[in-house]
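Below is one structure, written out as structure tokens; the observations come after it.
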Amino acid sequence: MSDDEEAPLVKKTRIFYGSLEEKERERLGREASGSGKDSVKAGIEAGNINISSGESLELEERVTERQSEVLADFERRKRARQITVSTDDAEVKACLRALREPITLFGEGPAERRERLRNILSVVGPDALKKSKKDDEKSKRSQEECQQTWYHEGPTTLKEARLWLARYSLPRAVKRLEDARAHREIPESTRTVRTQELHKTLRNLNNFCSQIGDDRPISFCQFSPNSKMLVTASWSGLCKLWNVPDCTLVRTLRGHNTHVGAICFHPQATLTLEDSDVNMASCAADGSVKLWSLDSDVPVADIEGHSMRVARVAWHPSGRFLGTTCYDNSWRLWDLEAQEEILHQEGHSKGVHDMQFHPDGSLAATGGLDSFGRIWDLRTGRCVMFLEGHLKEIYSIDFSPNGQGVDPPGLVPSEDPAHRHLLLRPHLQALDVRMRRGGRTTCRNRMTFYVTFYFYGNT
């Protein structure tokens, strides 16, 4: 070590001489003289002790998430051991289906399936299976109630109209049955000859004339009851009256602002009605229905009540009632003498496109976009026949003029290619049918005139 370097300082211990009794006595005296409050106060002032303003915090035992899951699993297993599950595998599958669970899993056997059902019931509870069965029974009952036919009390005017229709149709039905019995007595050979003559007449039909009916597609046409006039409806909103057979324009009826679906003559128009009376009725896609006379080109009156497209109108054979079909899945019957709606009939699942009345006036046939047809008894309000067989929409339906049927010997065409043909029978003396494809046809007066119109506007 060099002389320049300083020697390290050695810490000297403190040495007390004499007895420590006096020092200890002094320390104990200081502690005894100072109170506990003063010590706490001194600690608070020094910042070593923090005490709130009287509030206290209770400590609770906290369980971790993992511990809660384990406890819940133990409880679930305990409940699962207490649940009784059937040993019938079919019943186990039915229970799983009722709980909306897969009835089987890949590689799962009956024992595993029973265990899975037991575990599911331990989670959702045994009462869930009973509840699901009750819900299924309730849904089945509601579906059965929806499929049942229900009736409600109608207005007094509807009752009076039904009684009037019964008194009107029964005598006509008696006469129709008498004609049917007389027709049955005709020998088979005579009926065969008439059939051959009818087919020969149909094969000899020739085009008499052709006329441009409108700038837009023509949607409907019909002969007048005296077969001297023809009325057409167009998508342009115009309806036109034509002379037959020279096909000269008589009058243009203006009143609709959109596509006109149909226009029909009153059963007594051009026969007993005056030209100033209501002779025609028309409908359009905006839900409007208008009544027309023969001496004016503006509508006589409007029928309000439809909010959707009205596809067809049809006169009752008596001329007192008017039927309309609407795309709100219903058809309606209007009493023009009482000037009110007496029947709003539902029954189709889609829009109703066409309807016709039976020649007796007792029945009404409707065809809808649901590919089904229905026959309604106007005297009771019941659907007496359900027509099925079409695969697509029904756009036209009609009764045979002799009142013997709809198809056969009538016609129910639709968009289905298998039903695009016309069914003619030898007893047809007047034909009024409408086809979906290839235009439409209308004939009156023992097939004296035969009219076909197409969507490009020709008639």
Side-chain angles (χ1 to χ4, degrees), residues 149-152 154-155 157-158 161-162 165 217 219-220 222 233-235 237 239 255-266 278 280-292 299 301-316 320-336 338-358 363-378 381-383 385-387 390 392-399 406 412-415 434 436 440:
T149 304
W150 54 272
Y151 303 94
H152 62 86
T157 54
L158 178 59
R162 295 196 189 283
L165 288 169
S219 57
F220 198 89
Q222 188 184 51
S234 173
W235 283 6
C239 300
H256 291 288
N257 299 322
T258 183
H259 302 169
V260 181
I263 184 169
C264 297
F265 278 102
H266 188 282
V278 176
M280 294 173 292
S282 64
C283 61
D286 57 356
S288 61
V289 179
K290 299 182 181 296
L291 304 178
W292 307 83
D302 293 345
I303 297 179
E304 299 179 353
H306 292 285
S307 59
M308 299 183 66
R309 174 185 175 183
V310 181
R312 292 289 184 271
V313 292
W315 287 94
H316 189 265
R320 175 180 174 178
F321 304 100
L322 181 70
T324 58
T325 62
C326 186
Y327 272 29
D328 61 355
N329 308 349
S330 67
W331 61 275
R332 308 190 188 195
L333 189 66
W334 307 82
D335 189 347
L336 297 185
Q339 298 182 1
E340 64 177 345
E341 174 192 316
I342 61 173
L343 178 62
H344 184 183
Q345 183 65 58
E346 298 179 345
H348 289 269
S349 59
K350 292 185 179 181
V352 185
H353 191 83
D354 192 23
M355 76 172 298
Q356 290 295 330
F357 291 100
H358 193 274
L363 305 176
T366 58
L369 303 182
D370 54 0
S371 72
F372 297 117
R374 291 179 179 268
I375 307 296
W376 307 86
D377 190 344
L378 299 176
R382 297 182 178 180
C383 178
M385 184 177 292
F386 184 73
L387 307 177
H390 290 290
K392 293 188 178 181
E393 297 87 350
I394 295 179
Y395 290 97
S396 183
I397 188 170
D398 204 346
F399 285 99
V406 179
V412 188
S414 74
E415 194 179 2
R434 288 167 293 280
R436 163 67 174 162
R440 300 179 182 271

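Numbers here simply count residues along the sequence, with the first being 1.
Considering only heavy atoms from C-beta on, W331 stays 4.5 Å or farther from C326 through its side chain. Counting heavy atoms from C-beta outward, L343 and W334 have side chains that stay 4.5 Å or more apart. A heavy-atom distance below 4.5 Å is found between the side chains of D377 and L363. Using a 4.5 Å heavy-atom cutoff, the side chains of W376 and R382 are not in contact. L336 has its side chain within reach of W315: a pair of non-hydrogen atoms, C-beta onward, lies under 4.5 Å apart. Using a 4.5 Å heavy-atom threshold, the side chains of H348 and D328 count as separate. Using a 4.5 Å heavy-atom cutoff, the side chains of I375 and F399 are in contact. Contact annotation: the side chain of L158 never approaches that of L333 to less than 4.5 Å [non-hydrogen atoms, C-beta and beyond].
Applying the ring pair (Phe, Tyr, Trp, His ring centres under 6.0 Å) criterion to H316, with sequence neighbours excluded, gives Y168, F321, F357. In this view, V310 and C283, V289, H306, T324 satisfy the side-chain contact (heavy atoms from CB on, under 4.5 Å) rule, not counting sequence neighbours. By the side-chain contact (heavy atoms from CB on, under 4.5 Å) test, R320 pairs with W164, S318, D335, E337, sequence neighbours left out. D370 pairs by the salt bridge (Lys or Arg N to Asp or Glu O under 4.0 Å) definition with nothing, not counting sequence neighbours. With sequence neighbours excluded, the residues satisfying side-chain contact (heavy atoms from CB on, under 4.5 Å) with S234 are D214, R216, S236.
Checking side-chain atoms of T325 against main-chain N and O of H353 turns up a donor-acceptor pair under 3.5 Å.
In terms of heavy atoms, S330 sits closest to E346 at CB-CG, 4.0 Å. Residues Y327 and M308 share a closest heavy-atom pair of O-CE, 3.5 Å.
The aromatic rings of F372 and F386 lie tilted to each other, with the angle between the two planes from 30° to 60°.
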Using side chain to side chain contact (heavy atoms under 4.5 Å, CB included), reason through L291 and I303 one step at a time and then give a plain yes or no.
CA-CA 8 Å; L291 304 178; I303 297 179; 4.2 Å; yes
For a quick test of your reading: what N or O donor-acceptor pairs under 3.5 Å do the side chains of residues 258-266 make, sequence neighbours left out?
| unit_1 | atom_1 | unit_2 | atom_2 | d |
| --- | --- | --- | --- | --- |
| H266 | ND1 | Q268 | N | 3.0 |
| H266 | NE2 | G319 | O | 3.2 |

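In the model, S371 has no side-chain atom that pairs as donor or acceptor with a side-chain atom of H390 under 3.5 Å. H256 and S288 form a side-chain donor-acceptor contact under 3.5 Å, judged by distance and modelled atom types alone.
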